[in-house]
Amino acid sequence: MAILKPLALQKALDQANTGGVYASMLLNQSGSPIAQAILDSERPTASIAAHIWKLHVASGDSIRGGDLETLVIECDQGKVAVGSVAEYILCLYAKQSTETGLLTTKFSILRDHIYAPLQSIAES
């Protein structure tokens with residue numbers, strides 16, 4: 001049984017904040033932050049990313065036959081990668097100049113790293 005260690009979760013989120021990624025957030029289904037690591041003074045809007053992901057899930061995962069794991073949104077001010085981890089929502093915020101491939105790779109590695117502890121909490 002995996003146990004969620006708050007300091008380990010914070011460290012994992014901190015480690016993702018390199019190479020143009022300036023914020024990592026773990027949210028509950030309503031968009032409230034559970035844990036976050038933010039480098040810049042800008043505060044990303046977590047609830048917007050959570051809402052977009054929930055709309056995707058509510059649509060029945062119809063994009064690409066239902067196998068979408070990560071949604072990358074390119075905005076004027078930067079990029080956001082969002083997806084689910086167990087019963088939670090993971091968001092990475094990056095500068096506009098960050099390569100999309102780097103952002104999605106960081107997202108996948110972080111999601112895989114924190115999945116087991118979060119899944120054990122979701123099941124209990």
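- Using modelled atom types, no side-chain atom of Lys79 and backbone atom of Lys95 make a donor-acceptor pair closer than 3.5 Å.
- Going from atom CD of Glu87 over to atom CD of Gln119 covers 7.0 Å, rounded to the nearest 0.5 Å.
- For the atom pair OH of Tyr88 and CE of Met25, the computed distance is 15.5 Å after rounding to the nearest 0.5 Å.
- Residue Leu102 is not grouped with residue Phe107 when hydrophobic side chains (ILVMFWY) are merged at heavy-atom distances under 4.5 angstrom, including chains of intermediate members.
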(message) Does Lys106 form a side chain to side chain donor-acceptor pair (under 3.5 Å) with Ser24? I'd like the steps, not just the answer.
(response) CA-CA 10 Å; Lys106 283 178 172 275; Ser24 307; over 6 Å; no
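- Rounded to the nearest 0.5 angstrom, Tyr115 OH and Leu90 CG are separated by 13.5 Å.
- Residues Ile89 and Asn28 are not in side-chain contact: their nearest non-hydrogen atoms beyond the backbone lie 4.5 Å or more apart.
- Annotation for Gln29: atom CD counts as buried by contact number, over 12 foreign heavy atoms lying within 6.0 Å.
- The distance from atom CD1 of Ile38 to atom CG of Asn17, rounded to the nearest 0.5 Å, is 8.5 Å.
- Contact detail for Leu103 and Ala94: the closest heavy-atom pair is CD1-CB, 4.0 Å.
- Thr98 OG1 to Tyr93 OH: the interatomic distance, rounded to the nearest 0.5 Å, is 14.5 Å.
- Leu27 CG to Gln36 CD: the interatomic distance, rounded to the nearest 0.5 Å, is 8.5 Å.
- Every residue was checked against the side-chain hydrogen bond (donor to acceptor under 3.5 Å, both in side chains) condition with Thr105, not counting sequence neighbours, and none meets it.
- Of all heavy-atom pairs spanning Gly101 and Thr104, the tightest one is O-OG1, 3.1 Å.
- Residues Leu110 and Leu13 meet the side-chain proximity criterion, which asks for heavy atoms closer than 4.5 Å.
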(request) In sequence, state the C-alpha distance, the side-chain angles, and the governing distance for Val80 and Val72, and then conclude on side chain to side chain contact (heavy atoms under 4.5 Å, CB included). (result) CA-CA 6 Å; Val80 181; Val72 177; over 6 Å; no
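- The shortest side-chain heavy-atom distance between Glu74 and Gln96 falls under the 4.5 Å cut-off.
- For the pair Thr70 and Val82, the minimum side-chain heavy-atom distance is 4.5 Å or more.
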